Amino acid sequence: MAIFGSLSDRLTESLKNLRTKGKLSASDVDGTVREIRRALLEADVSLDVVKKFTAAVRERALSDDVNRALNPAQQVVQIVNEELIEILGGQQRRLEFAKTPPTIIMLAGLQGAGKTTLAGKLAKWLRKDGHTPMLVAADLQRPNAVTQLQVVGEQAGVTVFAPEPGNGVGDPVKVAKNAVDEARRRQFDTVIIDTAGRLGVDAELMKQAADIRKATNPDEVLFVIDAMIGQDAVATAKAFQDGVDFTGVVLSKLDGDARGGAALSVASVTGRPIMFASTGEGLDDFEPFHPDRMASRILDLGDILTLIEQA
Amino acid sequence: MAEARSWSFGGALRNLFTGQQKRVIDEDTWDELEVALIGADFGPDITESVIAELKEKVARYRTEDYADLQRMLREGLEERLSKFDTTLKLTERPAVVLVVGVNGVGKTTTIGKFAKFLTNYGRSVVVGAADTFRAAAVEQLGTWAERAGVQIVKPQQQGQDPASVAYQTVDFAKRNGVEIVIIDTAGRLHTKGGLMDELGKIKRVVEKQAPIAEVLLVLDATTGQNGLMQAQAFLESAGVTGLVLTKLDGSAKGGFVLAVQERTGIPIKLVGQGEGIGDLTGFTPHVFAQQLVG
Ligand SMILES: Nc1nc2c(ncn2[C@@H]2O[C@H](COP(=O)(O)OP(=O)(O)OP(=O)(O)O)[C@@H](O)[C@H]2O)c(=O)[nH]1
Ligand SMILES: Nc1nc2c(ncn2[C@@H]2O[C@H](COP(=O)(O)OP(=O)(O)OP(=O)(O)O)[C@@H](O)[C@H]2O)c(=O)[nH]1
Ligand SMILES: [Mg+2]
Ligand SMILES: [Mg+2]
């Protein structure tokens with residue numbers, strides 16, 4: 001879009017300058033690193049992470065460990081791209097299933113991040129894969145969250161365990177605990193627990209999430225985070241890591257045009273793998289996370305990689 | 001506003017100044033200011049321009065004093081924030097308010113709070129459940145209408161055209177002499193052309209009955225620089241007249257709205273700070289700047 005057009009152009013421009021010169025000098029690298037820094041900030045990567053990242057790029061670009069077969073511009077882009085993919089994909093992995101079913105998956109995240117929708121997506125995906133998932137309505141707080149999960153469950157063609165009406169009525173910890181017994185009794189092989197949205201700064205609600213975790217001992221706790229989130233991604237991710245601890249990350253709303261710098265921040269700060277990308281409101285809009293695509297997206301490297309090909 | 005609820009937004013820049021009365025302005029000052037402004041999501045452009053402006057003032061007044069810096073920063077931000085009129089225009093009868101925004105930002109919740117806010121001032125309100133798409137969106141708005149003690153117009157069948165629900169809501173208000181109409185719409189990403197066009201249609205259909213008083217774009221304070229794209233796209237497709245900044249009770253600072261205001265000229269009109277029905281206030285630039293900088 002218009003606002004950011006110039007950014008990619010600037011980066012391209014700075015790389016073009018590099019291309020015409022013989023070898024990487026410190027000032028070449030610094031100029032490019034400045035543009036990369038700016039691009040990362042525009043993409044909402046947290047400042048701390050940007051600093052660490054650009055320092056690593058700078059160091060590598062000036063070391064002897066560069067690919068001599070490439071021209072200087074290609075070298076820098078390659079380094080940037082590799083470093084990004086390294087952080088984003090270093091910990092790639094798939095869902096962990098329990099040795100003795102049911103496998104328990106708990107969802108957590110800020111308000112409106114996309115948890116309930118994801119519950120439906122996971123359920124549908126697992127069902128298609130031959131599993132027998134059960135959804136659990138443990139958000140008893142947000143108005144009509146229970147109804148929402150019931151609708152989503154119906155769309156996914158799966159059973160929804162919803163013993164409490166919600167809207168402030170019922171104990172989510174008890175519901176989650178009972179759900180696991182219920183799943184065992186009725187032989188569902190996966191249990192997906194939807195929880196209320198909560199802020200990182202809300203100690204009481206964070207404790208509730210921790211209690212749900214303790215009561216159900218999940219195989220996976222997925223932290224759902226909106227790809228549009230800004231600098232708060234780090235504080236929020238840390239708060240959820242300290243508060244409930246999650247085993248994986250799901251990046252939602254990637255169907256928009258957010259650059260998704262949060263992916264880099266969260267992966268880098270928590271060391272937890274990003275496992276899935278949520279890419280729409282429909283229950284099929286969901287896929288495994290691709291670190292290479294995300295790297296291109298964050299830095300708008302698509303254009304730049306093309307430029308390199310033309311070099 | 002209770003202290004416990006005061007925006008963490010505040011802390012962001014205020015921490016720069018607490019206990020620093022004796023300090024002189026130096027290079028580190030500018031680095032720290034940059035960290036604070038970027039960290040509050042002001043974005044690199046505004047951050048650069050705020051810092052350049054301050055450096056220039058510090059040089060012009062030949063000051064080294066932290067208290068001066070704090071005052072200049074506060075005044076500078078307040079000046080930027082108060083360039084636009086933040087009052088809601090709700091004088092028409094009925095006054096129709098359309099609420100729009102991307103998915104999950106807090107539109108429906110804001111409508112519940114806003115309805116209550118208006119009834120507190122003695123206004124009669126009807127809300128229209130024109131989000132006929134999202135699972136249980138109608139029921140959710142129904143719960144809020146009940147909490148706020150206002151009337152609601154719901155779709156007559158599943159998946160009814162949102163424009164027709166909006167039309168029926170305005171029609172209801174006119175027939176029953178209800179003063180203010182607030183219409184909920186489905187969340188939509190600003191990049192989805194078809195869905196954005198639908199907003200234009202809702203507007204046109206409503207305008208056949210009554211002029212639209214306000215189109216409020218709800219922005220989530222946790223959002224980063226994408227908030228700018230959202231605002232530009234919604235401005236083009238829906239003619240936004242005011243911004244609502246929600247979720248300021250969290251640790252996010254929402255600094256991107258300043259860039260939104262400056263680029264689009266649309267003022268912030270309401271601020272949401274919680275999931276409770278009372279957690280909505282009007283927007284006052286000097287309070288905001290004061291909260292921010294101290
Ligand atoms: N465009 C898009 N919208 C999404 C995606 N995931 C969820 N949504 C929408 O985002 C909004 C919020 O989604 P929910 O699933 O209700 O989010 P939640 O985290 O359960 O929200 P709370 O329970 O209120 O905390 C809804 O309008 C969803 O349709 C996505 O990947 N892309
Ligand atoms: N902490 C906090 N949560 C909020 C605030 N406003 C809304 N929420 C929560 O954010 C989530 C989404 O709110 P909704 O009102 O459903 O958002 P929406 O924009 O209508 O969502 P869609 O219709 O799905 O696009 C819910 O869990 C709300 O309780 C706020 O100011 N602070
Ligand atoms: Mg939910
Ligand atoms: Mg809604």
Side-chain angles (χ1 to χ4, degrees), chain A residues 1-4 37-39 41-48 50 110-114 116-117 120 141-152 154-155 167 196-197 199-202 225-236 239 252-253 255-262 280-281, chain B residues 8 34-36 38-45 47-48 102-106 108-109 112 133-144 146-147 186-192 220-230 232-233 246-247 249-256 259 263 274-275:
Chain A
M1 273 191 98
I3 309 171
F4 292 129
R37 173 190 143 92
R38 200 179 166 90
L41 289 175
E42 295 274 18
D44 296 313
V45 180
S46 96
L47 188 55
D48 283 348
V50 170
L110 290 178
Q111 286 93 345
T116 307
T117 311
Q141 185 171 314
R142 178 210 171 128
N144 303 81
V146 174
T147 335
Q148 186 190 356
L149 191 72
Q150 277 163 334
V151 173
V152 163
E154 198 174 309
Q155 287 168 356
N167 288 12
L199 296 169
V201 293
D202 191 332
I225 187 164
D226 188 322
M228 294 180 275
I229 195 172
Q231 296 283 324
D232 193 47
V234 164
T236 295
S252 71
K253 306 184 199 172
D255 45 326
D257 59 356
R259 302 280 282 284
E281 296 189 72
Chain B
S8 55
E34 186 196 30
V35 170
I38 292 278
D41 286 313
F42 281 91
D45 280 349
T47 298
E48 259 173 39
V102 301
N103 308 85
V105 287
T108 308
T109 308
F133 179 75
R134 224 287 304 278
V138 173
E139 290 84 347
Q140 185 191 357
L141 188 69
T143 300
W144 278 111
E146 208 174 286
R147 288 179 183 175
R188 66 202 73 223
L189 290 183
H190 53 289
T191 49
K192 309 213 161 156
D220 181 329
T222 58
T223 308
Q225 300 308 301
N226 192 249
L228 282 161
M229 327 273 241
Q230 295 172 22
Q232 285 196 330
T246 59
K247 308 189 191 173
D249 46 327
S251 48
K253 321 292 189 268
F256 72 92
R263 293 241 177 96
E275 299 181 84

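Below, chain A is the first sequence line, B the second, and so on; all start at residue 1. These numbers were taken from a predicted model, which means no experiment stands behind them.
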Testing the basics here: between [X] and [Y], what is the closest heavy-atom pair and its distance to 0.1 Å?
| X | Y | value |
| --- | --- | --- |
| Asp257(A) | Met229(B) | OD2-CE, 3.7 Å |
| Asp41(B) | Gln231(A) | OD1-N, 2.8 Å |
| Val152(A) | Ala135(B) | CG2-CB, 4.1 Å |
| Gln225(B) | Glu42(A) | CB-O, 3.6 Å |
| Arg147(B) | Pro143(A) | NH1-CG, 3.7 Å |
| Leu47(A) | Glu34(B) | CD2-O, 4.4 Å |

With a 4.5 angstrom heavy-atom cut-off, is it the side chain or the backbone of [X] that approaches chain B, or both, or neither?
| X | answer |
| --- | --- |
| Leu149(A) | neither |
| Ser46(A) | neither |
| Asp255(A) | both |
| Gln111(A) | both |

- List the steps, then state whether side-chain contact (heavy atoms from CB on, under 4.5 Å) holds for Glu281(A) with Arg188(B). CA-CA 9 Å; Glu281(A) 296 189 72; Arg188(B) 66 202 73 223; 5.6 Å; no
- Can you tell which part of Val102(B) gets under 4.5 Å to a heavy atom of chain A, answering side chain, backbone, both or neither? side chain
- Message: Using heavy-atom distances under 4.5 Å, tell me whether Phe256(B) contacts chain A through its side chain, its backbone, both, or neither.
- Response: neither
- Task: For Asp44(A) and Asn226(B), run side chain to side chain donor-acceptor pair (under 3.5 Å): C-alpha distance rounded to whole Å, both residues' side-chain angles, the deciding distance at 0.1 Å, then the answer.
- Result: CA-CA 9 Å; Asp44(A) 296 313; Asn226(B) 192 249; over 6 Å; no
- Note on the structure: In terms of heavy-atom pairs under 4.5 Å with chain B, the winner among Glu154(A), Arg37(A), Gln150(A), Gln141(A) is Arg37(A)
- Say you draw a straight line from CG of Leu141(B) to CG of Asn144(A); how long is it, rounded to the nearest 0.5 Å? 9.5 Å
- Quick one: pull up CG in Asp220(B) and CD1 in Ile229(A) and give me the separation to the nearest 0.5 Å. 8.0 Å
- Message: Gln140(B): which residues meet the side chain to side chain donor-acceptor pair (under 3.5 Å) condition with it, sequence neighbours left out?
- Response: Arg142(A), Arg134(B)
- Item | side chain to side chain donor-acceptor pair (under 3.5 Å) against Glu48(B), all qualifying residues, sequence neighbours excluded | Arg38(A)
- Task: Evaluate side-chain contact (heavy atoms from CB on, under 4.5 Å) for Glu139(B) paired with Asn167(A), printing each intermediate quantity in order.
- Result: CA-CA 11 Å; Glu139(B) 290 84 347; Asn167(A) 288 12; over 6 Å; no
- Please report the C-alpha distance between Ser251(B) and Asp232(A) in whole Å, then the side-chain angles of each, then the deciding distance to 0.1 Å, and finally whether the side chain to side chain donor-acceptor pair (under 3.5 Å) criterion is met. CA-CA 7 Å; Ser251(B) 48; Asp232(A) 193 47; 2.8 Å; yes
- Message: Measuring only between side-chain heavy atoms, which start at C-beta, is Thr236(A) closer than 4.5 Å to Thr222(B)?
- Response: no
